[in-house]
2 protein chains.
Amino acid sequence: MAARSTLSKEPNAAGRPVSMADLARELGVSMTTISRALSDHHSIGPATKQAVRQLAKKLNYQPNHLAAALRKGKSTLIGVIVPYIEGRFFASVVHGIETAARKAGYSVIICQSGEDVANERRNLETLLSAQVAGILISVSINTTDFKHFEKVRRHGVPLVFFDRLPEGDNVNAVVLNDREGACQATRHLLEQGCRRVAHFAGAQHLNIYKNRRQGYLDALQSYGIAPDESLIKNCSMTLESGTACMAELLALPNPPDAVFSAGDTAILGALQLLKNRGIRVPQDVALAGFSNEALTLVAEPNLTSVDQRTEEMGQAAFRLFSDLLTAEGAAFSQRQVVLQPQLFVRASSLRHGSVPA
Amino acid sequence: MAARSTLSKEPNAAGRPVSMADLARELGVSMTTISRALSDHHSIGPATKQAVRQLAKKLNYQPNHLAAALRKGKSTLIGVIVPYIEGRFFASVVHGIETAARKAGYSVIICQSGEDVANERRNLETLLSAQVAGILISVSINTTDFKHFEKVRRHGVPLVFFDRLPEGDNVNAVVLNDREGACQATRHLLEQGCRRVAHFAGAQHLNIYKNRRQGYLDALQSYGIAPDESLIKNCSMTLESGTACMAELLALPNPPDAVFSAGDTAILGALQLLKNRGIRVPQDVALAGFSNEALTLVAEPNLTSVDQRTEEMGQAAFRLFSDLLTAEGAAFSQRQVVLQPQLFVRASSLRHGSVPA
DNA sequence: TTGTATGCGTTATCAA
DNA sequence: TTGATAACGCATACAA
């Protein structure tokens with residue numbers, strides 16, 4: 001057995017992954033030199049750097065992030081908790097987060113709460129155990145107690161909420177201006193000549209639905225129209241729920257001439273019912289939804305909807321995390337990023353003029 | 001300052017996370033005992049176990065997965081690489097993977113290749129650096145060179161492909177029986193009395209599209225119908241592409257009376273064109289797609305489609321990984337799990353009888 | 001500019 | 001049944 005190295009230990013005899021120690025032995029330098037060369041430290045000569053890098057490539061050296069993270073006390077992992085990953089909204093936000101994170105050298109661990117606060121708590125523990133550098137979360141629908149977020153603060157891990165957040169504004173968050181979006185959509189319906197505009201309202205303990213309802217009321221007020229409680233339906237935002245709400249509205253002595261729904265799926269349910277009953281959309285009843293889901297372009301007529309800037313939301317959430325990292329006392333800061341919604345006007349609400357391309 | 005402990009070092013004076021050493025000091029036992037008590041080792045007395053657990057809870061001890069993983073050489077992280085996370089298919093598979101993984105105590109790191117093999121390579125490096133216990137991947141559309149997967153094998157990290165896989169069957173994979181699904185869909189169209197069934201074919205270097213095309217041909221053959229190349233269109237599976245392909249088919253001297261598309265979005269494009277031209281669906285042209293996307297239930301008429309068992313695919317992929325972990329020589333095994341597709345018949349293809357509920 | 005030595009928090013080996 | 005000690009791979013304080 002011819003020893004290539006003059007040192008006592010064989011350089012990585014087994015199939016074990018090659019470490020910095022292996023590189024050091026092979027080159028006859030110290031681990032410090034290797035470490036610094038690879039991280040482009042200024043105190044290493046260009047020649048040495050070159051040599052180290054070449055050998056690293058040749059031996060197929062892969063840095064062990066785990067070890068680095070353990071040593072530094074922080075990993076390059078960030079945790080993301082969403083109610084569920086299916087459906088356009090969260091998938092798209094996660095896409096935005098992941099893209100931004102990867103550019104900055106972070107990887108994303110994804111967790112689903114399944115709309116259950118118990119899972120949400122477990123997810124948080126998992127992420128903290130994984131020593132993530134930060135946590136980005138959209139809370140589950142039944143999260144009304146927020147004690148579990150305190151623990152994250154105590155660990156000093158930056159916490160960013162997006163879209164859905166706990167009550168009270170003392171958190172870091174990226175949200176859409178839901179109120180403004182809802183107001184725009186409702187005003188648009190009013191501009192089309194509608195005067196009895198109904199609203200499908202979502203669960204009011206969630207900030208997003210509360211704000212959409214408020215935006216709806218804002219628009220009415222700006223037109224001097226008193227809100228009619230019989231035109232505001234509590235809706236679970238499913239297709240069936242939308243159909244049921246529409247049926248109730250049609251049964252009123254004085255039915256609406258437009259509906260603004262806090263979600264797209266529900267407004268699709270309404271559309272289907274109207275078509276079944278031979279009621280014309282938008283001539284008899286104009287429709288507008290919220291989220292700009294893919295289905296808005298499949299339904300006939302195409303559905304007017306408020307876009308939630310999902311990609312931007314993801315990117316902004318990561319950026320906020322990133323800012324918190326470098327900021328002082330970040331664990332107790334409370335920055336809010338508010339994105340501006342965009343109304344897409346389509347045939348379901350357009351009584352005059354042509355449909356925009 | 002009253003010292004609670006008789007040992008020299010203060011137990012976790014600073015706000016630093018509490019470690020096993022802290023627990024050991026506090027209880028006056030060794031770290032070994034703590035470690036074993038927490039992992040429920042048989043050699044620890046029930047009383048000691050109880051005491052350790054209580055203290056751990058009281059002091060809010062969080063295990064450091066990083067350290068454990070470093071020591072054990074394997075983490076409880078698994079990496080998943082998909083072309084993109086948006087869209088029902090991959091989001092749903094990821095959902096299945098994440099759910100199965102979490103039950104087994106694993107967390108999921110998600111990476112997107114953006115349909116680019118260069119990113120795919122980078123993703124693999126990242127995951128290997130993170131010391132993941134396994135990698136689950138659906139290759140990007142331009143992956144034709146498979147050398148980068150060799151490295152994963154050399155690291156001894158189990159590798160599972162799902163849906164899209166490299167050419168050659170020498171890999172671990174979970175796939176849908178695309179050929180069977182396509183055959184079922186086409187046979188269904190033939191059973192409805194259609195005799196000139198066209199096909200929108202996807203990129204033929206991908207196993208999934210090649211197999212769907214083959215299934216289409218199988219069905220024709222079983223009916224003794226010779227394939228007509230003019231009825232097979234290369235399609236990129238976008239809406240526009242579907243519209244364009246349909247237009248070309250209608251321009252034929254002898255146009256088709258049915259279309260089976262390897263994707264749902266393209267068949268929607270076809271549907272829209274047919275409706276614009278006043279051609280009846282399914283009476284004049286019957287339509288069937290593949291993937292059972294949400295849009296199949298929004299389009300009018302509802303679209304017949306082949307369901308890909310996305311959740312099961314995710315679960316099966318994780319299970320396969322899990323099996324490989326315990327198996328011998330897993331790095332070089334090549335197990336294949338094949339899921340059976342399910343055809344959902346809807347109005348777009350149903351010429352006789354009523355639409356199923 | 002480079003090297004030495006130590007510790008991050010855990011698990012495993014050995015001895016008691 | 002328990003304890004002392006040595007790794008895992010990397011980054012840094014300090015010394016040269």
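Each chain gets a letter, A, B and so on, in the order its sequence line appears, and its residues count up from 1.
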Query raised in the report: Roughly how bent is the helix from C:dT1-D:dA16 to C:dA16-D:dT1 end to end, in steps of 10 degrees, with each end axis from five pairs?
Result: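 Computed from the C1' atoms at both ends, the axes differ by 40°.
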
Mind checking the [atom1]-[atom2] spacing from [X] to [Y]? Nearest 0.5 Å is all I need.
| X | Y | atom1 | atom2 | answer |
| --- | --- | --- | --- | --- |
| B:Asp163 | B:Met313 | CG | CE | 4.5 Å |
| A:Leu159 | A:Ile135 | CG | CD1 | 6.5 Å |
| B:Glu86 | A:Ser92 | CD | OG | 4.0 Å |

d([atom1], [X]; [atom2], [N]) in whole Å:
| X | N | atom1 | atom2 | answer |
| --- | --- | --- | --- | --- |
| A:Leu38 | C:dT2 | CG | P | 14 Å |
| B:His65 | C:dG9 | NE2 | C1' | 12 Å |
| B:Leu23 | C:dG9 | CG | C1' | 12 Å |

Query raised in the report: Between B:Ala67 and B:Ile34, which is nearer to the 5' end of DNA chain D once each is assigned its nearest nucleotide?
Result: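 By nearest-heavy-atom nucleotide position, the 5'-most residue is B:Ile34.
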
Query - Passing option when B:Ile81 is tested against B:Leu136, B:Leu124, B:Ile110 for side-chain contact (heavy atoms from CB on, under 4.5 Å) - result: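 The residue from B:Leu136, B:Leu124, B:Ile110 that satisfies side-chain contact (heavy atoms from CB on, under 4.5 Å) with B:Ile81 turns out to be B:Leu124.
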
Query raised in the report: Which ring-ring contact (aromatic ring centres under 6.0 Å, His included) pairs, counting each pair once, include a residue from residues 97-131 of chain B, with sequence neighbours left out?
Result: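 Listed by first then second residue: B:Tyr106-B:Phe318, B:Tyr106-B:Phe321.
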
Query raised in the report: What residue pairs, at least two apart or across chains, pass ring-ring contact (aromatic ring centres under 6.0 Å, His included) with a residue in residues 18-59 of chain A?
Result: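 Qualifying pairs: none.
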
Query - Lys/Arg-Asp/Glu bridge criterion (N-O < 4.0 Å) met for A:Glu125, A:Arg121 - result: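 The answer is no: the pair does not qualify as a salt bridge.
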
Mind checking what makes side chain to side chain contact (heavy atoms under 4.5 Å, CB included) contact with [X], not counting sequence neighbours?
| X | answer |
| --- | --- |
| A:Glu120 | A:Ser113, A:Val117, A:Ile137, A:Val139, A:Ser140, A:Thr143, A:His148, A:Phe149 |
| A:Glu312 | A:Arg309, A:Leu339 |
| A:Ser129 | B:Gln62, B:Pro63, B:His65 |
| A:Ser30 | A:Thr32, A:Thr33 |

Query raised in the report: On DNA chain C, nearest-nucleotide positions of B:Tyr61 versus A:Val29: which is more 5'?
Result: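 Closest to the 5' end, via its nearest nucleotide, is A:Val29.
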
In residues 69-80 of chain A, what donor-acceptor pairs under 3.5 Å come from side-chain atoms, sequence neighbours left out?
{"residue": "A:Ser75", "atom": "OG", "partner": "A:Leu77", "partner atom": "N", "Å": "3.2"}
{"residue": "A:Ser75", "atom": "OG", "partner": "A:Gln131", "partner atom": "O", "Å": "2.8"}

Enumerate all atom pairs, one protein N or O and one N or O from nucleotides 12-15 of chain C, separated by less than 3.5 Å.
{"residue": "C:dA12", "atom": "O4'", "partner": "B:Arg71", "partner atom": "NH2", "Å": "3.1"}

Query raised in the report: Which ones in residues 41-49 of chain B lie close to DNA chain D, meaning a heavy atom under 4.0 Å from one of its atoms?
Result: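 Close to the strand are B:Ser43, B:Ile44, B:Gly45, B:Thr48.
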
Requested in this report: Name all residues meeting the side-chain hydrogen bond (donor to acceptor under 3.5 Å, both in side chains) criterion together with B:Gln54; count only those two or more places apart in sequence or in a different chain, and write none if there are none.
Outcome: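 Not a single residue meets the side-chain hydrogen bond (donor to acceptor under 3.5 Å, both in side chains) criterion with B:Gln54.
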
Requested in this report: Extract, from 5' to 3' on DNA chain D, the first and final nucleotides lying under 4.0 angstrom from some heavy atom of chain A.
Outcome: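 Listed 5' to 3', the contact boundaries are D:dG9 to D:dC14.
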
